Amino acid sequence: MAKTAITPTREQDFSAWYQNVISAADLAENSPVRGCMTIKPYGYAIWELIQKQFDAIIKSMGVQNCYFPTMIPLSFFQKEAEHVEGFAKESAVITHYRLKAVDGKITVDETAELTEPYVLRPTSETLFGEAMSRWVNSYRDLPMLLNQWANIFRWEMRPRIFLRTAEFLWQEGHCAFATKEECLKHALKMLSTYENFAKDTLALFSYTGEKTPEERFAGADNTYTFETMSQDGKSSQSGTSHNLGQHFAKSFNIKYQSEEGKEEFAWTNSWGVSSRLIGAMIVAHSDDDGLILPPAIAPYECVIIPFIKSDMDTKALTAYCEKVKESLLNAGIRVLFDNSDMRSSDKVWKWIKKGAPIRIEIGANELSQDSVTITRRDLGKASQKQINLKSISEIRDVLNTMQKDIYEKHKSLTLDSTKTVKTIEEAKELLAKDFKGFIKLPYKETLSEKYDELKETYKITRRCLPLEDKETVIIAKSF
RNA sequence: CGGGGAAUAGCUCAGUCUGGUAGAGUACUAGUUUUGGGAACUAGGUGUCGCAGGUUCGAAUCCUGUUUCCCCGACCA
């Protein structure tokens with residue numbers, strides 16, 4: 001069997017494989033702080049590309065960015081009963097504002113206790129609610145479409161790098177509307193925006209749907225989600241959109257005067273995607289040789305690797321590589337000329353593990369033929385081909401095709417690993433045979449003790465009721 | 001937060017039972033020959049043994065506490 005860059009393989013131990021892909025690609029590492037990660041430059045570059053592209057989308061939809069403090073007064077949580085219930089168990093709380101040194105040891109100064117503790121934001125509905133109560137006055141102020149890019153704290157009991165960390169990065173949109181209909185329509189619009197973004201940018205196929213009541217966001221009328229599948233058949237809640245109805249408007253007193261001069265409560269929604277997207281993308285696409293990045297979020301879509309022979313004119317080769325790099329940059333392609341003095345074959349492996357979509361090899365052959373040799377990361381050596389420098393812009397097409405192919409592959413994986421059954425007994429049969437994937441069945445079938453039994457035994461959860469068919473529920477193991 | 005495992009060189013780990021002052025592979029540095037999916041030889045540098053106490057003439061090793069990671073649960077808008 002061929003040697004793989006990552007051990008163990010996905011088949012052998014998916015969880016260990018996942019962590020090794022991240023460290024081999026140099027994306028992130030565990031930090032000394034419990035449950036938190038340090039995102040390294042290559043990993044952060046991926047997040048920046050996600051940020052940049054999604055930010056452009058929401059701005060084109062009329063959303064404006066703003067920024068609130070990381071700390072939320074404890075009293076804000078008390079205003080919405082369900083909400084505090086939902087987040088109480090995973091909140092980090094700031095209680096003191098000063099340190100002291102005793103015998104050279106730094107400790108908390110117990111005399112410097114805050115009169116009101118602050119909660120490190122687990123989400124910002126309360127802050128936005130309080131602000132909107134002042135910012136919304138007239139129907140002319142609506143809709144108010146806001147977003148913030150921020151860090152979030154949730155004291156997770158069992159963290160997993162990117163997929164579930166105690167601190168993570170996200171965007172949270174918070175919007176207020178004059179009518180119930182507008183608000184719901186917009187929440188659903190954001191859900192489809194996420195679905196398309198996941199497809200076009202992260203090459204992720206997803207199931208979109210509504211969360212069942214027990215999975216709903218604390219304080220929402222409806223929670224919508226898009227769920228993506230990992231290669232071991234588990235589901236990741238990759239983004240959500242909540243229709244908050246008037247819960248927060250009433251708790252925080254977000255009122256406006258209508259055209260008729262009447263005072264009305266606004267309707268609000270909120271929606272977010274986080275750095276979990278990176279984790280979802282890794283478990284969906286990567287292989288036993290490491291990371292596979294869809295071109296749209298690859299820090300470098302192409303990496304040029306020179307192959308130097310001892311009797312070669314190094315300067316001529318370097319100059320040629322620079323020329324190739326220039327023409328790719330001119331074609332709007334993110335490219336890196338890896339001119340470091342590693343061995344060429346080591347560079348090849350390095351960029352395989354880091355998931356660079358296209359590897360461009362340039363050596364004596366290419367130099368003499370005015371060409372380059374390209375290899376697609378997802379297809380490996382079989383996809384290797386030589387193209388002429390004159391038609392170098394064809395690489396753009398290869399990247400576009402690759403983006404689509406990775407999506408189609410993930411779509412096939414998901415559809416092939418989704419089984420539809422009619423009864424809870426059939427679902428049980430599947431799970432008993434160690435089925436890895438999603439199971440679709442009539443929702444009412446899961447409203448019995450038999451489902452609870454299944455849930456206990458196989459650790460499955462209701463993922464969502466697909467928008468197009470709310471009588472059906474998708475159940476799966478969760479990340 | 002409960003149960004189990006772990007923490008020693010950048011990385012993977014041996015050494016811990018039986019206390020005596022730190023080791024391998026790999027990586028790294030230099031040189032030579034190499035280079036198209038993980039090169040070979042030669043010569044070198046590398047450690048608060050997670051952290052804090054304790055026992056001891058002496059602690060990576062024994063004891064106590066603590067932090068972090070991994071696995072299984074519970075938890076997870």
Side-chain angles (χ1 to χ4, degrees), chain A residues 2-7 13-16 18-20 23-24 26 29-37 80 82-91 105 121-126 152 154-161 163-166 168 170 172 211-220 222-225 235-237 239-244 247 269-274 276 289-290 305-312 314 317 341-353 359-367 372-375 377 380-384 386 456 459 461 478-479:
Chain A
K3 194 180 168 189
T4 59
I6 304 294
T7 46
D13 183 344
F14 198 83
S15 175
Y18 172 71
Q19 289 167 70
N20 287 337
S23 84
D26 211 26
E29 61 186 21
N30 282 311
S31 79
V33 181
R34 200 207 77 91
C36 295
M37 62 178 164
E80 221 291 348
E82 283 180 53
H83 191 64
V84 65
E85 179 87 2
F87 286 100
K89 281 173 284 184
E90 48 185 16
S91 292
K105 264 192 190 170
R121 65 175 158 231
T123 181
S124 305
E125 273 74 9
T126 54
I152 288 293
R154 293 182 191 176
W155 209 261
E156 299 290 353
M157 288 298 136
R158 201 168 155 192
R160 303 192 65 180
I161 201 158
L163 290 165
R164 191 183 301 114
T165 47
F168 57 90
W170 83 350
E172 49 181 325
K211 283 286 184 190
T212 54
E214 74 273 12
E215 301 278 342
R216 201 176 279 159
F217 176 74
N222 326 80
T223 285
Y224 301 98
T225 174
S235 186
S236 166
Q237 180 176 315
T240 48
S241 178
H242 312 291
N243 172 24
L244 303 172
H247 293 185
N269 67 30
S270 65
W271 31 276
V273 287
S274 71
R276 173 183 278 182
D289 281 333
I305 300 175
F307 280 79
I308 303 159
K309 284 210 171 76
S310 52
D311 57 346
M312 262 176 81
T314 315
L317 186 74
D341 63 2
M342 285 169 80
R343 292 165 43 77
S344 303
S345 51
D346 288 341
K347 287 184 199 175
V348 168
W349 277 108
K350 173 181 170 175
W351 289 105
I352 287 172
K353 287 186 282 192
R359 184 169 80 241
I360 301 178
E361 299 181 8
I362 299 178
N365 296 341
E366 290 77 9
L367 189 55
V372 297
T373 298
I374 65 170
T375 312
R377 170 62 183 89
K381 222 170 173 179
S383 66
Q384 211 162 65
Q386 219 167 327
E456 280 299 310
K459 310 298 168 201
T461 51
S478 159
F479 250 109

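Keep in mind it's a predicted model, so treat the numbers as computed, not measured. Protein chains get the first letters and strands the later ones, always in sequence-line order, with residue 1 at the start of each. Side-chain atoms are counted along with the backbone in the values below, which use heavy atoms only and exclude waters and symmetry mates.
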*Asks:* Base, sugar-phosphate alone, or nothing: which one does Ala364(A) contact when heavy atoms must sit under 4.0 Å apart?
*Replies:* base
*Asks:* Does the base of rG36(B) carry an N or O that pairs as donor and acceptor with the side chain of Glu366(A) under 3.5 Å?
*Replies:* yes
*Asks:* How close or far is atom P of rU68(B) from atom CZ of Arg34(A), stated in whole angstroms?
*Replies:* 7 Å
*Asks:* At 4.0 Å (heavy atoms only), tell me whether Ser344(A) reaches a base, stays on the sugar-phosphate, or touches nothing.
*Replies:* base
*Asks:* In Watson-Crick or G-U wobble terms, both distances under 3.5 Å, what is the partner of rA9(B)?
*Replies:* none
*Asks:* Just to be sure I understand the rule, does Arg164(A) reach a base, reach only the sugar-phosphate, or reach nothing, if contact means heavy atoms closer than 4.0 Å?
*Replies:* base
*Asks:* So what does Gly35(A) hit on the nucleic acid, given a heavy-atom distance under 4.0 Å: a base, only sugar-phosphate, or nothing?
*Replies:* sugar-phosphate
*Asks:* Identify whether any heavy atom of Arg160(A) sits under 4.0 Å from a base atom; if not, whether one sits that close to sugar-phosphate; answer base, sugar-phosphate or nothing.
*Replies:* nothing
*Asks:* Quantified in whole Å, what is the P atom distance between nucleotide rG44(B) and nucleotide rU8(B)?
*Replies:* 27 Å
*Asks:* So, under a plain 3.5 Å distance rule, would you say the side chain of Arg343(A) forms a donor-acceptor pair with the base of rU34(B)?
*Replies:* yes
*Asks:* Could you measure between the two P atoms, the one in rG19(B) and the one in rC71(B), and give it in whole Å?
*Replies:* 35 Å
*Asks:* Consider only side-chain N and O atoms of Ser345(A) and Arg343(A), and report whether a donor and an acceptor are under 3.5 Å apart.
*Replies:* yes
*Asks:* Quick check: on RNA chain B, is the nucleotide nearest Glu456(A) upstream (toward 5') of the one nearest Thr123(A), or the reverse? Name the residue that is more 5'.
*Replies:* Glu456(A)
*Asks:* With a 4.5 Å cut-off on side-chain heavy atoms, are Trp351(A) and Arg377(A) touching?
*Replies:* no
*Asks:* Contact class for Gly86(A) vs. all strands (heavy atom < 4.0 Å): base, sugar-phosphate, or nothing?
*Replies:* nothing
*Asks:* Applying the Watson-Crick and G-U wobble criteria at under 3.5 Å, what pairs with rC49(B)? Answer none if nothing qualifies.
*Replies:* none
*Asks:* Phosphate oxygens OP1/OP2 of rC71(B): is one of them under 4.0 Å from a side-chain N or O of Ser15(A)?
*Replies:* yes
*Asks:* Please give the distance between the P atoms of rA59(B) and rU21(B) as a whole number of Å.
*Replies:* 12 Å
*Asks:* Report which part of the nucleic acid Ile305(A) touches: base, sugar-phosphate, or nothing (heavy-atom distance under 4.0 Å, all strands).
*Replies:* nothing
*Asks:* Between C1' on rU26(B) and CG on Asp346(A), what's the gap in Å once rounded to a whole number?
*Replies:* 13 Å
*Asks:* Can you tell me the pairing partner of rC62(B) across any strand shown, Watson-Crick or G-U wobble, with both distances under 3.5 angstrom?
*Replies:* rG54(B)
*Asks:* With sequence neighbours excluded, what pairs up with Ser270(A) under the side chain to side chain donor-acceptor pair (under 3.5 Å) test?
*Replies:* Glu125(A)
*Asks:* Does any donor atom in the side chain of Thr373(A) or Glu366(A) lie under 3.5 Å from an acceptor atom in the other side chain?
*Replies:* yes
*Asks:* Any side-chain N or O of Lys353(A) under 4.0 Å from OP1/OP2 of rG38(B)?
*Replies:* no
*Asks:* How close or far is atom C1' of rG37(B) from atom NZ of Lys347(A), stated in whole angstroms?
*Replies:* 15 Å
*Asks:* When rounded to the nearest 0.5 angstrom, what distance separates CD in Glu156(A) from SG in Cys36(A)?
*Replies:* 10.5 Å
*Asks:* Using the C1' atom on both, measure rA40(B) against rU35(B) and round to a whole Å.
*Replies:* 12 Å
*Asks:* Can you tell me how far CD1 of Ile374(A) sits from CD of Glu361(A), rounded to the nearest 0.5 angstrom?
*Replies:* 11.0 Å
*Asks:* Given that both distances must come in under 3.5 Å, which nucleotide forms a Watson-Crick or G-U wobble pair with rU42(B)?
*Replies:* rA30(B)
*Asks:* Would you indicate what Trp170(A) reaches in the nucleic acid, counting non-hydrogen atoms under 4.0 angstrom: base, sugar-phosphate, or nothing?
*Replies:* base
*Asks:* From C-beta outward on Trp349(A), which listed nucleotide comes closest to its side chain: rU35(B), rC69(B), rG37(B)?
*Replies:* rG37(B)
*Asks:* Between rC76(B) and rU61(B), how far apart are the C1' atoms? Round to whole Å, please.
*Replies:* 40 Å
*Asks:* Write down the distance separating the C1' atoms in rC75(B) and rU55(B), rounded off to the nearest Å.
*Replies:* 41 Å
*Asks:* Expressed as a whole number of Å, how far does the P atom of rC63(B) sit from that of rU18(B)?
*Replies:* 10 Å
*Asks:* Is it the case that over 12 heavy atoms from other parts of the model lie below 6.0 angstrom from the NZ atom of Lys459(A)?
*Replies:* yes
*Asks:* Counting only side-chain heavy atoms from C-beta out, which of rG36(B), rA74(B), rG37(B) sits nearest to Lys459(A)?
*Replies:* rA74(B)
*Asks:* Within the structure shown, what part of the strands sits under 4.0 Å from Lys381(A) by heavy-atom distance: base, sugar-phosphate, or nothing?
*Replies:* base
*Asks:* Take atom CD1 of Ile308(A) and atom C1' of rU33(B), then tell me their distance rounded to the nearest Å.
*Replies:* 15 Å
*Asks:* Provide the distance between the two P atoms, one in rA52(B) and one in rC57(B), to the nearest whole Å.
*Replies:* 23 Å
*Asks:* Give Gln237(A) one of three labels, base, sugar-phosphate or nothing, depending on what nucleic acid heavy atoms sit under 4.0 Å from its own.
*Replies:* base
*Asks:* Under 4.0 Å between any heavy atoms, over every strand shown, what does Ser270(A) touch: base, sugar-phosphate, or nothing? Just pick one.
*Replies:* nothing
*Asks:* Could you state the atom-to-atom distance from CG of Asn20(A) to C1' of rC69(B) in whole Å?
*Replies:* 14 Å
*Asks:* On RNA chain B, does the nearest nucleotide to Ser478(A) precede the nearest nucleotide to Val348(A) from the 5' side, or the other way round? Give the residue.
*Replies:* Val348(A)
*Asks:* For Ser345(A) and rA39(B), is the shortest distance between a side-chain N/O and OP1 or OP2 below 4.0 Å?
*Replies:* yes
*Asks:* So what does Lys211(A) touch, heavy atoms closer than 4.0 Å: a base, only the sugar-phosphate, or nothing?
*Replies:* nothing
*Asks:* With a non-hydrogen cut-off below 4.0 angstrom, is Ala5(A) in contact with a base, only sugar-phosphate, or nothing?
*Replies:* base
*Asks:* Find the partner of rA14(B): check Watson-Crick (N1-N3 plus N6-O4 or O6-N4) and G-U wobble (N1-O2, O6-N3) distances, both under 3.5 Å, and reply none if neither fits.
*Replies:* none
*Asks:* Choose from rC76(B), rA74(B), rA39(B) the nucleotide whose nearest atom is closest to any side-chain atom of Met157(A).
*Replies:* rA74(B)
*Asks:* Just how far, in rounded Å, is P of rG37(B) from CZ of Arg377(A)?
*Replies:* 15 Å
*Asks:* With a cut-off of less than 4.0 Å, is there a side-chain N or O of Lys89(A) near OP1 or OP2 of rC76(B)?
*Replies:* yes
